[in-house]
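Remember, it's 1-based here, ligands and their atoms both numbered in the order they're listed. Bear in mind the structure is a predicted one, so any value in this text is a computation, not a measurement.
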Amino acid sequence: MTEILQLVKEKDPAQPEFHQAVNEVVASIKPVLDQNPEYRAAKIMERLVEPERVILFRVPWVDDRGEVQVNRGFRVEMNSAIGPYKGGLRFHPSVNLGILKFLAFEQVFKNALTTLPMGGGKGGSDFDPKGKSDNEVMRFCQSFMAELFRHIGPNTDVPAGDIGVGAREIGYLFGMYKKLRNEFTGVLTGKSLNWGGSLIRPEATGYGAVYFAAEMLNHKGDSLEGKTSLVSGSGNVAQYTMEKLLDLGARPVSFSDSTGVIYDEAGIDREKLAYLMTLKNVRRGRVKEYVTKYPEAVYTETDPSADHNPLWDHPADCAFPSATQNEINAKDAQNLVNNGVFLVSEGANMPTTPNGIKLYHEHKVLYGPGKAANAGGVSVSGLEMTQNSQRLNWTREEVDNRLQIIMKSIHTAALDAAEQYGMPGNYEAGANIAGFVKVVDAMIDQGVV
Ligand code: NDP
Ligand code: 2IT
């Protein structure tokens, strides 16, 4: 075990996801540290794994029955070497400090890859929006912002959405921030279009993950045309991944939520996707309802004790994990390879376990790691910040065009860094190295702070 991993494990033994994220980066950047002794001398790794600031706070609110509820709120301000802290808020019962530290750590390198000036952060709460009324969600968001507002600002820290935080939540959070500060600023991204949002921000993460896949294929002289694609999740990222796959002639055949998996061998076409979007975004329903409407599809309930996820066990060419961390274990990765999958583009953050990733490398799978492949979301967040500063709105074409340029440049940066450090074709190592070098050079320029 490396010294740095030992250090983070000793300091915070109960944060396995954070250890996993640190380990993944440490393994990739060893050749960079070996060739650049000044990084070790500056204790750059020791500084990178320690958040610049962590804010942890009580979020009390009153539910529709008049009962007081108490949740825990967090903001991890990880690194501001290249810009204001930037990263999403996650509302999910599984949220804890270790998960947010892993996400904030990943965000630092991801944001560096985007070419835009953004530091890294992440926040959220163990609040579960599922089954709550709009009024309950509003009261929770207002209480959350009643504390968070003093720590954030358009030049300090700019949160956005993640799991459980979409346009509705961003609206309630923004309204409360504006009331408390008496300021209309771009303090959050993912805003609705009529009050400062950017076109393409809702689509950006999914579109970006597909653009990244298209780049990896293009580099091999191939394309997404006709490629059967497994997609997991059914939220923001999964939906727009399927939309862009359809645009580029591919054939999505699956999606899921935390209770079950849909496999639709005939393919999910535009009409079926529109049905899913209404089901999830308007009715806030569960994916199992899809088989009532489309009985040729198969629904399988998730068995939490099973050693694999049935979603990853179907014949396909490409996989787009778009639900959550560690959703593909070594058995799932083996199933993917056995079923013919030769490309994985990660819309979710850290969806593959370390042993799963090992299998991708062993089988020469074209593997786009989350911090490269899903960087489209935060990239368009960065473009939303630019538009807010300019008090201008760009067209759909302008934003989409910039998104495509950014995803191409991330692909090239990862490929070049992998080549430079002797790991050609390894996008995982390349993305880690390219993001790392940009951030640590800025840290060194700015002294020991
Ligand atoms: P949403 O809340 O819109 O959707 C999340 C989806 O994943 C839902 O289908 C949800 O099912 C499923 N899911 C969540 N937790 C679990 C779990 N523990 N087990 C199984 N399924 C689960 O979130 P997003 O689509 O925004 O986020 C999906 C992933 O993409 C996350 O990893 C996020 O960090 C990442 N990401 C998001 C970005 C964005 O811009 N939104 C940007 C970059 C990455 P259910 O409805 O049952 O909860
Ligand atoms: O993981 C991520 O990159 C996000 N949830 C989006 C962050 C952002 O600030 O848009």
Counting only heavy atoms, which portion of [X] has something under 4.0 Å from ligand 1: side chain, backbone, both, or neither?
X: Ser322; value: backbone
X: Glu327; value: neither
X: Arg284; value: neither
X: His92; value: side chain
X: Ser256; value: backbone

What protein heavy atom lies closest to [atom]? Include the residue and the distance to one decimal.
atom: atom 37 (C) of ligand 1; value: Val237 CG2, 3.5 Å
atom: atom 4 (O) of ligand 1; value: Gly235 CA, 3.3 Å
atom: atom 43 (C) of ligand 1; value: Thr205 CG2, 3.5 Å
atom: atom 32 (O) of ligand 1; value: Asn349 N, 3.2 Å
atom: atom 29 (C) of ligand 1; value: Ala323 O, 3.2 Å
atom: atom 23 (O) of ligand 1; value: Ile163 CA, 3.4 Å
atom: atom 22 (C) of ligand 1; value: Ser258 CB, 4.0 Å
atom: atom 2 (C) of ligand 2; value: Lys110 NZ, 3.2 Å

Between [X] and [Y], does at least one N-O distance fall below 4.0 Å, as a salt bridge requires?
X: Arg150; Y: Glu147; value: yes
X: Lys358; Y: Glu428; value: no
X: Asp64; Y: Arg139; value: yes
X: Lys227; Y: Asp317; value: no
X: Arg402; Y: Glu398; value: yes

[X], portion touching ligand 2 at heavy-atom distance under 4.0 Å:
X: Met118; value: neither
X: Asn349; value: side chain
X: Lys122; value: side chain

Applying a strict 4.0 Å limit to heavy atoms, is Glu106 in contact with ligand 2? no
Does the residue Ala375 have a heavy-atom contact with ligand 2, meaning some pair of atoms that are separated by less than 4.0 Å? no
Sequence neighbours left out, what pairs pass ring-ring contact (aromatic ring centres under 6.0 Å, His included) with at least one residue falling in residues 191-211? Phe174-Trp195
Which of the numbered atoms in ligand 1 are under 4.0 angstrom from any heavy atom belonging to [X]?
X: Gly233; result: 9 (O)
X: Gly347; result: 30 (O), 35 (C), 36 (N), 44 (C)
X: Thr324; result: 15 (N), 16 (C), 17 (C), 18 (N), 19 (N), 32 (O)
X: Arg286; result: 45 (P), 46 (O), 47 (O)
X: Ala348; result: 29 (C), 30 (O), 32 (O), 35 (C)
X: Arg90; result: 31 (C), 32 (O), 33 (C), 34 (O)

Return the set of residues passing side-chain contact (heavy atoms from CB on, under 4.5 Å) with Asn111 (not counting sequence neighbours), or none when no residue passes. Lys86, Gln107, Met118, Val378
Should [X] be listed as contacting ligand 1, given a heavy-atom distance under 4.0 Å as the test?
X: Ser94; result: no
X: Lys280; result: yes
X: Lys130; result: yes
X: Gly206; result: no
X: Gln325; result: no

Roughly how far, to the nearest 0.5 Å, is [atom2] of [Y] from [atom1] of [X]?
X: Lys110; Y: Leu103; atom1: NZ; atom2: CG; answer: 8.0 Å
X: Leu113; Y: Lys371; atom1: CG; atom2: NZ; answer: 8.5 Å
X: Ser198; Y: Leu383; atom1: OG; atom2: CG; answer: 6.5 Å
X: Met350; Y: Phe105; atom1: CE; atom2: CZ; answer: 11.0 Å

Flag Val158 as yes when one of its N or O atoms lies below 3.5 Å from any N or O atom of ligand 2, and as no otherwise. no
Is [X] close to ligand 1, meaning an N/O of one under 3.5 Å from an N/O of the other?
X: Lys122; result: no
X: Thr259; result: no
X: Ser234; result: yes
X: Lys110; result: no
X: Gly164; result: yes
X: Asp257; result: no

Can you tell me if His19 uses its side chain to pair, donor with acceptor, with the backbone of Asp12 under 3.5 Å? yes
Between Gln446 and Ala81 (side chain of the first, backbone of the second, donor and acceptor by atom type, cut-off under 3.5 Å), is there such a pair? yes
Is the centre of the [X] ring less than 6.0 Å from the centre of the [Y] ring?
X: Phe140; Y: Phe127; result: yes
X: Phe57; Y: Phe144; result: yes
X: Tyr290; Y: Phe255; result: yes

Which of these, Val261, Val380, Asn236, Asp162, has its nearest heavy atom closest to atom 3 (O) of ligand 1? Asn236
Flag side-chain contact, heavy atom, 4.5 Å: [X] against [Y]:
X: Thr324; Y: Ile163; answer: yes
X: Thr259; Y: Tyr299; answer: yes
X: Tyr427; Y: His411; answer: yes
X: Leu148; Y: Asp157; answer: no

For Arg168, does the CZ atom sit with more than 12 other heavy atoms under 6.0 Å from it, leaving out its own atoms? yes
Kindly indicate whether atom 10 (C) of ligand 1 is approached by any protein heavy atom to under 4.0 angstrom. no
